[in-house]
Amino acid sequence: MAKLIIVPTPVGNLEDFTFRAVRTLNEADMILAEDTRTTSVLLKHYNIQNKVQSHHKFNEHRTVAGVVERIKAGEKIALVSDAGTPSISDPGFLLVRECLQNGVEVECLPGATAFVPALVVSGLPSDRFCFEGFLPLKKGRNKRLLEIAADPRTTIIYESPFRLLKTLSQLTEICGKSRPVSVSREISKLFEETVRGALEDVASHFAANEPKGEFVITLGGMPDEKNKEFTKNNTVQLNH
């Protein structure tokens with residue numbers, strides 16, 4: 001049956017892949033990949049021999065219409081990203097939206113994503129949480145950080161090793177030194193690590209230990225009794 005199928009891929013360990021995902025990639029008429037070189041490693045590992053076409057943030061605006069037409073013509077197309085679930089801080093949203101607007105069926109397989117393990121092992125409340133993904137680099141960053149600081153829910157942030165210290169420093173400044181945080185790196189990989197504690201202490205840890213790998217920051221929410229007071233006085237200016 002013609003459709004677009006979203007296929008999550010391992011975020012680190014190649015064994016974190018489902019039988020259903022392997023079958024889906026084998027049966028698809030074509031695989032759309034964020035980086036064909038990265039995807040080729042996964043396909044080779046599982047002996048999946050199929051056609052692969054590039055689909056990433058730099059060309060997706062030009063390619064979505066053609067992909068939709070191929071599905072409407074009867075093809076079953078699978079979409080993968082380099083790691084994790086497409087559309088979660090990766091390309092995918094535009095294609096899903098275009099498919100739905102054109103009456104094309106979209107199916108998403110359950111599978112790997114980095115923030116769920118990071119949230120679970122953080123020890124912070126997971127009944128209500130906010131996923132922020134990557135924060136703005138410049139425009140709108142201060143406003144977003146203020147909103148995060150005032151949120152009573154646990155907040156999840158993706159960060160690169162090059163900006164981790166800056167983000168932890170800004171969070172410490174605006175949220176306070178004692179706000180609980182958990183920072184996980186290299187989820188499901190050989191050197192997976194999670195550092196938990198107060199913001200000030202976790203920031204000090206990574207100041208003394210060079211950040212390496214991809215990071216997930218899980219930040220505790222603002223205590224309810226402080227939330228109302230904070231929102232009345234949210235004009236904190238961040239140092240840059």
Side-chain angles (χ1 to χ4, degrees), residues 1-14 16-43 45-46 48 50-119 129-137 140 144 155-160 184 187-189 214-217:
M1 180 179 178
K3 66 175 76 172
L4 172 69
I5 308 176
I6 309 300
V7 181
T9 56
V11 296
N13 194 319
L14 287 178
D16 296 335
F17 206 43
T18 68
F19 292 116
R20 183 181 175 193
V22 172
R23 175 176 57 80
T24 298
L25 294 186
N26 269 313
E27 294 177 351
D29 293 295
M30 181 177 67
I31 299 170
L32 297 179
E34 182 180 4
D35 188 321
T36 56
R37 295 164 299 180
T38 300
T39 298
S40 68
V41 175
L42 177 68
L43 299 184
H45 183 80
Y46 284 98
I48 299 170
N50 207 335
K51 293 176 290 186
V52 182
Q53 179 176 306
S54 177
H55 181 85
H56 48 72
K57 65 180 180 179
F58 301 109
N59 72 358
E60 60 180 338
H61 286 85
R62 302 191 305 271
T63 60
V64 290
V67 173
V68 170
E69 289 305 312
R70 292 184 65 159
I71 301 174
K72 290 171 72 174
E75 293 191 18
K76 182 189 296 184
I77 293 180
L79 173 66
V80 300
S81 59
D82 289 349
T85 302
S87 194
I88 304 298
S89 295
D90 280 323
F93 164 70
L94 291 178
L95 181 55
V96 169
R97 182 179 64 181
E98 189 75 12
C99 284
L100 295 177
Q101 290 177 346
N102 282 271
V104 170
E105 182 180 353
V106 177
E107 178 181 359
C108 182
L109 275 55
T113 188
F115 78 80
V116 173
L119 172 62
F129 61 90
C130 175
F131 175 71
E132 286 287 338
F134 289 98
L135 298 176
L137 297 182
R144 185 76 61 84
T155 297
I156 300 163
I157 301 167
Y158 283 171
E159 194 51 277
S160 79
S184 297
I187 293 290
S188 87
K189 297 180 182 179
E214 298 300 319
F215 288 83
V216 182
I217 300 171

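Owing to the predicted nature of the structure, the values given are computational and were not obtained by experimental measurement. We number each residue from 1, following the sequence as shown.
Residues Glu60 and Pro91 share a closest heavy-atom pair of OE1-CB, 3.8 Å. Closest of all the heavy-atom pairs between Ala83 and Asp90 is O-OD2, 3.3 Å. The two residues Pro10 and Asp16 make their nearest non-hydrogen contact at CG-O, 3.4 Å. Shown here for Ala78 and Leu25, the closest heavy-atom pair between the two residues is CB-CD2, 3.7 Å. Of all the heavy atoms in Gly74 and Asp29, the pair that sits closest is O-OD2, 4.3 Å. Among all heavy-atom pairs drawn from Phe131 and Ser89, the shortest one is CZ-OG, 3.7 Å.
Among residue pairs with one or both ends in residues 74-83, those qualifying as salt bridge (charged side-chain N to carboxylate O under 4.0 Å, His left out) are Arg70-Glu75; sequence neighbours excluded. Every pair passing salt bridge (charged side-chain N to carboxylate O under 4.0 Å, His left out) that includes a residue from residues 31-42 is listed here, sequence neighbours excluded: Asp35-Arg37. Counting only residues at least two apart or in different chains, ring-ring contact (aromatic ring centres under 6.0 Å, His included) contacts with residues 57-87 comprise His56-Phe58.
Considering only heavy atoms from C-beta on, Phe129 stays 4.5 Å or farther from Thr155 through its side chain.
Between the CD1 atom of Ile77 and the CG atom of Leu4 there is a distance of 7.5 Å, given to the nearest 0.5 Å. Note: His45 NE2 to Leu14 CG = 5.0 Å, rounded to the nearest 0.5 Å. How far CE of Met1 is from CD1 of Ile71: 11.5 Å, rounded to the nearest 0.5 Å. Between atom CG of residue Leu119 and atom CD1 of residue Ile156 there is a gap of 4.5 Å, rounded to the nearest 0.5 Å. The line from CD1 of Ile5 to CG of Leu32 is 11.5 Å long, rounded to the nearest 0.5 Å.
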Evaluate the criterion side chain to side chain contact (heavy atoms under 4.5 Å, CB included) for residue pair Asn50 and Leu43; output intermediate values, then yes/no. CA-CA 8 Å; Asn50 207 335; Leu43 299 184; 5.7 Å; no
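A donor-acceptor pair is defined here as one N or O able to donate and one able to accept, closer than 3.5 Å; such a pair exists between the side chain of Ser188 and the backbone of Asn13. Remark: the backbone N or O of Ser81 is paired with a side-chain donor or acceptor of Thr9 at under 3.5 angstrom.
Partners of Asn59 by side-chain hydrogen bond (donor to acceptor under 3.5 Å, both in side chains), not counting sequence neighbours: none found. Every residue meeting the ring-ring contact (aromatic ring centres under 6.0 Å, His included) condition with Phe17, not counting sequence neighbours, appears here in chain and number order: Tyr46.
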List the atom pairs, with distances to 0.1 Å, where a side-chain N or O of residues 93-115 and a protein N or O form a donor-acceptor pair under 3.5 Å, not counting sequence neighbours.
{"unit_1": "Asn102", "atom_1": "ND2", "unit_2": "Glu98", "atom_2": "O", "d": "2.8"}
{"unit_1": "Glu107", "atom_1": "OE1", "unit_2": "Lys3", "atom_2": "NZ", "d": "2.9"}
{"unit_1": "Glu107", "atom_1": "OE2", "unit_2": "Arg20", "atom_2": "NH2", "d": "2.5"}

